[in-house]
Amino acid sequence: MKTLRQLISELKDNRISEKLLNAIEIIKREYFVLKEYKHLAYENEALPFIKGQTTSQPLVIANVIDSLELDKDDVVLEIGTGSGWQTLLLTYFSNKVITLEIDKDILQLAINNIKNFIQHNPNFNYLLNKIEFYNLNIFKSKDFIEKQERIDKVVFSAAIKKVPDFLFNKLSVNGIVIAPIIESSEYQKLMKYVKLSNSNIKSEFISFVSFVLAKE
């Protein structure tokens, strides 16, 4: 069983930014895994979660967050709240996080995990006020997205065939989308999209990954 320091060291060897390593040291993963897997919280691997899902590997989450190039003024859209660990890390580096979770039980568990962390770390109570939680399916939420004042960064926590056009339309210029794009039944390509202008989207391959498939 690895310690938090060993996980931090492994992530550092994989060129994760120092500022994110510091956040991971503070926002400890042990608060966001199931009770029976807490002894494995600092292994660099996905862990079983409720309803047959898994919590993502720390290195994958770290790569996603670094690739988003977060700014303290950013409004972030997270699609798939999961355990809430990524949600809180995103919030730590941004102005606001709008998180959508299709499964109400998973959403409630994420909220409970975040509140439990804050209860034990009250100095971070301000982070909770920066999160908006919604039980929504992104593919049926075009009107909801269009009503948002702005969206600067988007992260998908489930594999999709393509990023919906209405998301790119709403995304700020120079905004970033990170999404696992389905390539086969066995893996996906983690892609980074940067909106250079209303008609120009630059794409970049990050890594091969294996995420749960999004429900459309």
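Only heavy atoms go into these numbers, but all of them, side chains included; no hydrogens, no water, no symmetry mates. In this text the structure is predicted, and so the values were computed from the model without any measurement.
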Over 12 foreign heavy atoms within 6.0 Å of CD, E149:
no

Paired with W85, the side chain to side chain contact (heavy atoms under 4.5 Å, CB included) test is passed by just one of K28, E30, R29, namely R29

When the ring planes of F168 and Y193 are compared, do they come out parallel, tilted or perpendicular, using 30° and 60° as the limits?
perpendicular

Check whether any side-chain heavy atom of I26 sits under 4.5 Å from a side-chain heavy atom of Y92, and report yes or no.
yes

Check whether any side-chain heavy atom of D152 sits under 4.5 Å from a side-chain heavy atom of L171, and report yes or no.
no

First locate atom NZ of K192, then atom CG of D66, and finally report the distance between them rounded to the nearest 0.5 Å.
9.5 Å

Tell me, yes or no, whether the heavy-atom count around K115 atom NZ, taken from other residues, nucleotides or ligands under 6.0 Å, exceeds 12.
no

Does this structure show an ion pair linking K2 with E45, if we count only N-O contacts that are shorter than 4.0 Å?
no

Is there side-chain contact between L20 and S17, with heavy atoms separated by less than 4.5 Å?
yes

Answer yes or no: is there a side-chain heavy-atom contact under 4.5 Å between N135 and D103?
no

Fit a plane to each ring of Y31 and F117, take the angle between them on a 0 to 90° scale, and name the class: parallel (under 30°), tilted (30 to 60°) or perpendicular (over 60°).
perpendicular

pair I98-Q148: side-chain heavy atoms closer than 4.5 Å
yes

Quick one: does NZ or CZ of K19 land under 6.0 Å from the six-membered ring centre of F93, within 45 degrees of the ring axis?
yes

So do the side chains of N169 and I145 get within less than 4.5 Å of each other, counting heavy atoms only?
no

Taking the side chain as C-beta and beyond, is there a heavy-atom pair between V154 and I176 under 4.5 Å?
no

Taking atom NZ of K142 as the centre, does the number of heavy atoms from other residues, nucleotides or ligands within less than 6.0 Å exceed 12?
no

Checking side-chain polar atoms at under 3.5 Å, does S83 have a donor or acceptor matched by the opposite partner on N113?
no

SB check E146 K170 (cutoff 4.0 Å):
no

Please determine whether a side-chain nitrogen of the Lys or Arg among R5 and E25 lies less than 4.0 Å from a carboxylate oxygen of the Asp or Glu.
yes

So if I apply the side chain to side chain contact (heavy atoms under 4.5 Å, CB included) rule between T87 and each of I111, V155, T81, which one comes out positive?
T81

Between the side chains of S157 and Q86, is a donor N or O closer than 3.5 angstrom to an acceptor N or O?
yes

Does V209 belong to the same Ile/Leu/Val/Met/Phe/Trp/Tyr cluster as V64, with side-chain heavy atoms less than 4.5 Å apart forming each link?
yes

Do L190 and L90 sit in the same hydrophobic cluster, where Ile, Leu, Val, Met, Phe, Trp and Tyr count as joined when their side-chain heavy atoms come under 4.5 Å apart?
yes

Can a side-chain donor-acceptor contact be found between E10 and N14 if the only test is distance below 3.5 angstrom?
no

Could you go step by step and tell me if E183 and Q188 meet the side-chain contact (heavy atoms from CB on, under 4.5 Å) rule?
CA-CA 5 Å; E183 286 288 314; Q188 304 102 33; 5.7 Å; no

Heavy-atom side-chain contact between N22 and I8 under 4.5 Å:
no

Does atom NZ of K51 have more than 12 heavy-atom neighbours from other groups under 6.0 Å away?
yes

Would you check if the distance from the ring center of F49 to the ring center of Y37 is below 6.0 Å?
no

Assess whether a salt bridge exists between D74 and K72, defined as any Lys/Arg side-chain N lying under 4.0 Å from an Asp/Glu carboxylate O.
no

